Amino acid sequence: MSASSAARAYPAPARPYGTTTAPTPARQPAPPRLRLVRAPSHARTRVPFVLVCMGVLAAALLGALLLNTQMAKNSYEKYDLGIELGRLDQDAKDLSAALDAKGSPSQLAKAASALGMVPSEGTGWIRLSDGTVQGAAGGR
């Protein structure tokens with residue numbers, strides 16, 4: 001399109017024959033209504049929200065780090081206590097075996113003879129009402 005065709009003015013359309021229109025009175029513009037206008041609101045800054053989010057994130061990361069460190073410490077303590085428990089269990093088994101060895105009849109007879117005791121020939125009873133010994137309670 002050329003510049004001359006864009007600026008061309010077209011004639012107004014013709015009115016049909018026999019139509020007459022009455023002139024319309026010009027309207028008066030309404031007076032402007034006055035109203036209270038608020039002051040423009042200031043745009044809120046996002047800095048406090050971002051700082052709170054960063055603080056929550058930092059607290060969560062710090063909490064996870066402390067929790068992980070505490071769990072590692074407890075794991076080492078559990079390992080050390082497990083080793084100590086194994087050692088104490090072995091000591092208890094050794095002491096139980098030594099007690100069983102000293103409680104055997106042959107060991108008891110050796111210990112009694114070392115103390116000067118002699119085997120008894122029979123069985124005797126003590127009567128509690130008068131304190132007398134009944135039966136054969138003699139030794140060698």
Side-chain angles (χ1 to χ4, degrees):
M1 273 173 111
S2 67
S4 63
S5 63
R8 192 177 334 174
Y10 293 103
R15 290 191 180 142
Y17 180 73
T19 60
T20 59
T21 59
T24 58
R27 286 191 176 185
Q28 297 276 332
R33 293 181 40 172
L34 298 177
R35 60 186 171 108
L36 183 62
V37 177
R38 293 184 185 165
S41 63
H42 297 287
R44 292 189 179 191
T45 178
R46 293 184 182 172
V47 172
F49 177 72
V50 170
L51 290 177
V52 167
C53 288
M54 290 175 60
V56 167
L57 180 64
L61 290 175
L62 183 65
L65 178 68
L66 292 176
L67 184 63
N68 191 15
T69 304
Q70 188 65 32
M71 287 176 58
K73 178 184 169 191
N74 288 344
S75 177
Y76 283 117
E77 287 179 7
K78 180 184 174 188
Y79 178 75
D80 292 340
L81 290 175
I83 290 175
E84 185 178 354
L85 181 63
R87 185 183 52 80
L88 291 175
D89 188 38
Q90 186 62 43
D91 290 346
K93 286 180 182 178
D94 291 344
L95 290 174
S96 178
L99 181 64
D100 288 342
K102 289 191 182 219
S104 68
S106 64
Q107 289 292 326
L108 286 177
K110 285 181 187 177
S113 64
L115 291 173
M117 296 180 166
V118 293
S120 121
E121 297 291 327
T123 307
W125 294 274
I126 298 177
R127 185 184 292 175
L128 294 177
S129 62
D130 57 359
T132 59
V133 177
Q134 304 287 322
R140 293 184 202 181

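All values reported here derive from a predicted model rather than from experimental measurement.
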Separation of [Y] [atom2] from [X] [atom1] (nearest 0.5 Å):
{"X": "Leu95", "Y": "Gln90", "atom1": "CG", "atom2": "CD", "result": "10.0 Å"}
{"X": "Ser113", "Y": "Leu108", "atom1": "OG", "atom2": "CG", "result": "11.0 Å"}
{"X": "Leu81", "Y": "Leu88", "atom1": "CG", "atom2": "CG", "result": "10.0 Å"}
{"X": "Met54", "Y": "Leu61", "atom1": "CE", "atom2": "CG", "result": "11.0 Å"}

Exercise for the section: Take atom CD1 of Ile126 as the centre, draw a 6.0 Å sphere, and report whether it contains more than 12 heavy atoms from other residues, nucleotides or ligands. Expected result: no
Practice task
Would you please say whether a donor-acceptor pair under 3.5 Å links the side chains of Ser75 and Glu77?
Solution key: no
Completion exercise
Between Gln134 and Arg127 the two heavy atoms that sit nearest each other are NE2-NH2, 3.8 Å
Practice task
Look only at the side chain of Thr69 and the backbone of Leu65, and say whether a donor-acceptor pair between them is shorter than 3.5 Å.
Solution key: yes
